[in-house]
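Residue indices begin at 1 and follow the sequence shown.
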Amino acid sequence: MKILSAEQLAEADQSTISKQHLTSVDLMERAGTLVFERIHQRLKADAVLVKLFCGSGNNGGDGLVIARHLINHGYQVIVYITNCSTKRSPNFLINYNRIKEVAKDWPILLSCKEDFPEITAQDIVIDAIFGTGLNRVLEGWVADLVHYLNDSNALKVAIDMPSGLYANKAHDPGDAILKADHTFTFQTPKLSFFLPETGSYVGSFEVVNIGLDPAYLMGVAPLAELIDREAAQNRYKTREKFTYKGDYGHVLTFAGSKGKMGAAVLCAGAAINSGAGKVTAYIPEEGNYMLQTSLPEVMTLQSKGDEFITDFNHDLKDYVLCIGPGIGTEKDTVSAFAKAIQEQTTPIIIDADGIVILSQHPELVTSLPKDSILTPHDGELQQLIGPWNHSYERIRNAQEFSKKHGVILVLKGAHSMIISPSGSYINDTGNPGMATAGSGDVLSGILASFLAQGYDPISAAIFSVYIHGASGDLAAQTYAYEGLKASVISNYIGPSILDLLKNPIDQQQ
């Protein structure tokens with residue numbers, strides 16, 4: 001699913017109106033009716049009091065359509081209009097007149113703080129004040145209204161966007177933004193839904209397909225694409241019956257040091273759990289016993305160093321290198337790291353201390369094979385590309401780094417992002433329980449495994465990030481967020497793939 005900008009969505013509206021021979025008010029009616037149907041399915045004509053707040057633009061017009069349908073279906077509805085501008089959109093005015101024809105009580109105009117109605121915990125508040133067209137910070141009594149609604153204990157539902165939230169532009173701290181419990185958003189999710197500064201304002205969200213012009217949507221270059229269940233299913237490669245382990249690749253993990261051998265175990269274990277044909281762990285001599293007893297399926301090769309890896313010598317051929325977890329930054333390790341990456345001609349996976357070494361020795365970045373995959377958390381990313389002021393700048397800087405060096409970045413977080421020279425992707429699986437030591441080591445092993453199995457680098461990144469999050473989600477159903485640990489996530493890789501394949505796309509439609 002594409003994630004579009006506010007400007008692109010406005011263009012999609014106009015293309016739809018033109019090609020489908022609609023009026024803009026027809027499209028508004030369609031959108032508002034579809035949201036009403038979602039609300040009606042949940043409330044089932046409950047006697048709850050709905051307090052619906054509308055602006056005087058098109059988002060307010062959407063709200064008036066919803067209110068009219070709610071009233072026609074017997075709901076108790078009070079409509080409030082934020083009378084903060086003399087400019088009212090034509091579509092708003094049409095629906096303002098329409099609701100007067102069905103409402104027992106006409107909409108109530110709000111013009112100042114003294115007009116704010118009482119909000120109780122039993123009310124449902126529907127926010128249709130501002131939508132994706134917002135291009136300025138809320139000020140004055142309208143900002144006070146948003147804060148007032150936020151302070152209430154009512155259930156708050158936003159239409160398209162929580163009022164005050166930009167779709168794809170940075171905010172300053174303290175901006176007035178409605179904090180919704182749930183958002184019904186039109187056609188595509190918005191980039192701000194997935195960023196740490198703004199995602200919490202959205203609550204849970206549903207994408208309501210309002211039938212915008214499919215040709216426009218297919219042809220436009222998105223800000224990013226959402227990695228959801230369908231995207232993962234489309235990337236999955238079915239295994240053939242007459243195959244053997246050599247057909248599914250050989251992963252070589254360069255990981256571990258004294259006190260951090262767990263990183264090597266987790267990385268190699270995730271690679272074998274993800275289906276790699278063979279996995280070899282390149283480790284310090286001191287770690288051999290731990291690897292052999294923890295992972296009998298994994299072969300080992302020892303560096304000459306007892307406590308950390310000091311060299312890179314072996315006779316292996318045709319392997320995918322995964323390098324960095326727990327290796328430290330000792331001088332000899334840095335030399336071994338440099339030798340290891342300079343020997344590669346195919347994409348490699350670099351994580352953790354490997355990224356730190358790259359940031360300390362930026363000349364090594366030029367040695368990376370095209371489409372190598374780097375998996376930094378934010379601390380490592382800052383060392384690699386420098387600081388940023390907000391998430392949009394973080395994304396832009398990462399995109400510049402990716403294009404300059406021809407590498408793929410997996411920016412780990414609540415919604416991990418894949419940044420590649422050809423486009424960006426945002427993952428929709430995972431949970432807060434995955435913020436635990438070793439979770440990134442597991443992701444690195446998964447990435448190396450699918451790369452070894454013949455997935456192209458972008459497909460490997462997309463499928464791996466999805467499966468990593470899905471494994472955490474499935475594990476959390478048994479262990480809860482607090483009970484998750486990296487080895488548990490790794491053990492749920494197989495079950496998460498099985499779960500993905502239980503509902504193929506053609507059965508969902």
Asks: With sequence neighbours left out, write down each residue that passes side-chain contact (heavy atoms from CB on, under 4.5 Å) with P196, or none if nothing qualifies.
Replies: S391
Asks: Please test K87 against S56 for side chain to side chain contact (heavy atoms under 4.5 Å, CB included), starting from the C-alpha separation and ending with a verdict.
Replies: CA-CA 7 Å; K87 296 180 180 179; S56 56; over 6 Å; no
Asks: For a side chain to side chain contact (heavy atoms under 4.5 Å, CB included) check, start with the C-alpha distance between D228 and M1, then their side-chain angles and the critical distance, and finish with the verdict.
Replies: CA-CA 8 Å; D228 56 11; M1 181 182 295; 4.2 Å; yes
Asks: Let's go through K156 and D127 carefully: what are the C-alpha distance in whole Å and the side-chain angles of both, what is the deciding distance for side chain to side chain contact (heavy atoms under 4.5 Å, CB included) to 0.1 Å, and is it a yes or a no?
Replies: CA-CA 7 Å; K156 291 174 278 292; D127 162 36; over 6 Å; no
Asks: Report yes or no: does S416 contribute a side-chain atom to a donor-acceptor pair with the main-chain N or O of G413 at less than 3.5 Å?
Replies: yes
Asks: Run the side-chain hydrogen bond (donor to acceptor under 3.5 Å, both in side chains) check on S496 and S471 step by step: do they pass?
Replies: CA-CA 5 Å; S496 71; S471 301; 3.0 Å; yes
Asks: Between D351 and T375, does the side-chain hydrogen bond (donor to acceptor under 3.5 Å, both in side chains) criterion hold? Intermediate values first, please.
Replies: CA-CA 5 Å; D351 184 33; T375 62; 2.8 Å; yes
Asks: Of all heavy-atom pairs between G164 and I177, which one has the smallest distance, and what is that distance?
Replies: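 Scanning both residues completely, I find the closest heavy atoms to be O-CG1, 3.7 Å.
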Asks: Which heavy-atom pair separates A12 from L212 by the least distance, and what is that distance?
Replies: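 Taking every non-hydrogen atom into account, CB-CD1, 3.8 Å.
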Asks: Which residues pass the side-chain contact (heavy atoms from CB on, under 4.5 Å) test with N431, not counting sequence neighbours?
Replies: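 For N431, the residues satisfying side-chain contact (heavy atoms from CB on, under 4.5 Å) (neighbours in sequence not counted) are M434, D473, A476, Y481, L484.
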Asks: I'd like to know if R229 pairs up with D499 as an ion pair, taking the criterion as any Lys NZ or Arg NE/NH1/NH2 lying under 4.0 Å from an Asp or Glu carboxylate oxygen.
Replies: yes
Asks: Could you go step by step and tell me if I418 and I227 meet the side chain to side chain contact (heavy atoms under 4.5 Å, CB included) rule?
Replies: CA-CA 10 Å; I418 297 170; I227 307 172; 3.7 Å; yes
Asks: Would you check if D456 and D371 make a side-chain contact, meaning some heavy-atom pair closer than 4.5 Å?
Replies: no
Asks: Any pair with a residue in residues 424-448 that passes salt bridge (charged side-chain N to carboxylate O under 4.0 Å, His left out), sequence neighbours left out, goes on the list, sorted by first then second residue, please.
Replies: none
Asks: Would you name the heavy atoms of S274 and I493 that are closest together and state the gap between them?
Replies: OG-CD1, 3.6 Å
Asks: Say whether, by atom type as modelled, one donor and one acceptor occur between the side chain of K2 and the main chain of T188 under 3.5 angstrom.
Replies: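 No, the answer is negative, given that no donor and acceptor are paired below the 3.5 Å cut-off.
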Asks: Does anything in residues 126-152 pair up under ring pair (Phe, Tyr, Trp, His ring centres under 6.0 Å), and if so which pairs, sequence neighbours excluded?
Replies: F116-Y148
Asks: For Y216, check ring pair (Phe, Tyr, Trp, His ring centres under 6.0 Å) against everything at least two apart and list the hits.
Replies: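 For Y216, no residue satisfies ring pair (Phe, Tyr, Trp, His ring centres under 6.0 Å) once neighbours in sequence are set aside.
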Asks: Does P376 reach the side chain of L411, with side-chain heavy atoms less than 4.5 Å apart?
Replies: yes
Asks: Could I get the full list of side-chain contact (heavy atoms from CB on, under 4.5 Å) partners for A180, not counting sequence neighbours?
Replies: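 side-chain contact (heavy atoms from CB on, under 4.5 Å) list for A180, sorted by chain: A158, P162, L178, T183.
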Asks: Output yes when a side-chain donor or acceptor of Y166 lies under 3.5 Å from a complementary backbone atom of V137, and no otherwise.
Replies: yes
Asks: What residues form a side-chain contact (heavy atoms from CB on, under 4.5 Å) with A215, not counting sequence neighbours?
Replies: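 With neighbours one apart ignored, the set is K19, D213.
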Asks: Ignoring hydrogens and angles, write down the donor-acceptor pairs under 3.5 Å from the side chains of residues 398-405, residues two or more places apart or on other chains.
Replies:
unit_1	atom_1	unit_2	atom_2	d
Q399	NE2	S424	OG	3.2
S402	OG	V407	O	2.6

Asks: Quick one: does H182's side chain have a donor or acceptor within less than 3.5 Å of a partner on S204's backbone?
Replies: yes
Asks: For the side chain of H468 and the backbone of S439, is there at least one donor-acceptor N/O pair under 3.5 Å apart?
Replies: yes
Asks: So do the side chains of L70 and I126 get within less than 4.5 Å of each other, counting heavy atoms only?
Replies: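 L70 vs I126: side chains touch.
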Asks: How far does CG of L34 sit from CD1 of I39, to the nearest 0.5 angstrom?
Replies: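 That separation rounds to 11.5 Å.
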Asks: What closest approach, in Å, do T198 and S192 show between heavy atoms, and which atom pair accounts for it?
Replies: OG1-O, 2.6 Å
Asks: Checking R38 against F184: charged group under 6.0 Å from the ring centre and within 45 degrees of the axis?
Replies: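 Pair R38/F184 does not count as cation-pi.
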Asks: Go through the structure and list residues passing side chain to side chain donor-acceptor pair (under 3.5 Å) with D62, not counting sequence neighbours.
Replies: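 Expected list: none.
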Asks: To the nearest 0.5 Å, tell me how far L191 CG sits from L226 CG.
Replies: 11.0 Å
Asks: Does the plane of the ring in F463 sit parallel, tilted or perpendicular to the ring in Y455? Use 30° and 60° as the thresholds.
Replies: parallel
Asks: Could you grab the distance from atom CG of L368 to atom CD1 of I350, nearest 0.5 Å is fine?
Replies: 4.5 Å
Asks: Of all heavy-atom pairs between N91 and S24, which one has the smallest distance, and what is that distance?
Replies: ND2-OG, 3.0 Å
Asks: Side chains of L374 and L358, heavy atoms from C-beta outward: is any pair under 4.5 Å?
Replies: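 In contact.
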Asks: Is the shortest side-chain heavy-atom distance between L195 and I395 below 4.5 Å?
Replies: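 Side chain of L195 against side chain of I395, heavy atoms only: contact under 4.5 Å found.
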Asks: Is the side chain of Q383 donor-acceptor paired with the backbone N or O of Q360 at a distance under 3.5 Å, no angle test?
Replies: no
Asks: Can any side-chain N or O of T185 pair as donor or acceptor with the backbone N or O of V208 at less than 3.5 Å?
Replies: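 The answer is no, because no donor-acceptor pair under 3.5 Å joins these two groups.
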Asks: Quick one: does any side-chain atom of Q76 pair with a main-chain N or O of A47 as donor and acceptor, under 3.5 Å?
Replies: yes
Asks: Check whether S15 reaches the backbone of E11 with its side chain - one donor and one acceptor, N or O, closer than 3.5 Å.
Replies: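 No, because the side chain of S15 does not come within donor-acceptor range (under 3.5 Å) of the backbone of E11.
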Asks: Apply the test side-chain hydrogen bond (donor to acceptor under 3.5 Å, both in side chains) to residues H390 and E393: give CA-CA distance (whole Å), side-chain angles for both, the deciding distance (0.1 Å), then the verdict.
Replies: CA-CA 5 Å; H390 49 73; E393 189 173 72; 5.0 Å; no
Asks: When rounded to the nearest 0.5 angstrom, what is the spacing between OG1 in T436 and CD in E482?
Replies: 11.0 Å
Asks: Would you say CZ of R42 has more than 12 non-hydrogen atoms from neighbouring residues, nucleotides or ligands within 6.0 angstrom?
Replies: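 More than 12 heavy atoms, drawn from other residues, nucleotides or ligands, come within 6.0 Å of this atom.
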Asks: For the CD1 atom of I99 and the CD1 atom of I71, what is their distance to the nearest 0.5 Å?
Replies: 4.0 Å
Asks: Applying salt bridge (charged side-chain N to carboxylate O under 4.0 Å, His left out), which residue pairs with at least one partner in residues 186-199 are found, sequence neighbours left out?
Replies: D160-K190
Asks: Could you measure the distance from the CZ atom of R30 to the CG atom of D26? Nearest 0.5 Å is fine.
Replies: 8.5 Å
Asks: Kindly state each residue pair satisfying ring pair (Phe, Tyr, Trp, His ring centres under 6.0 Å) with at least one member in residues 17-43, sequence neighbours excluded.
Replies: F36-H40, F36-H69, F36-H73, H40-H73, H40-Y75
Asks: Apply salt bridge (charged side-chain N to carboxylate O under 4.0 Å, His left out) to D123 and list each qualifying residue two or more places apart in sequence or on a separate chain.
Replies: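 Salt bridge (charged side-chain N to carboxylate O under 4.0 Å, His left out) check on D123 returns K51.
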Asks: Which atom names give the shortest non-hydrogen contact between A176 and L138, and what distance separates them?
Replies: O-CD1, 3.7 Å
Asks: Could you tell me whether the side chain of D115 reaches within less than 4.5 Å of the side chain of C112, counting heavy atoms only?
Replies: yes
Asks: Is N168 reaching over with its side chain to a backbone N or O of L4, donor-acceptor style, under 3.5 angstrom?
Replies: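 Judged by distance alone, no pair lies under 3.5 Å.
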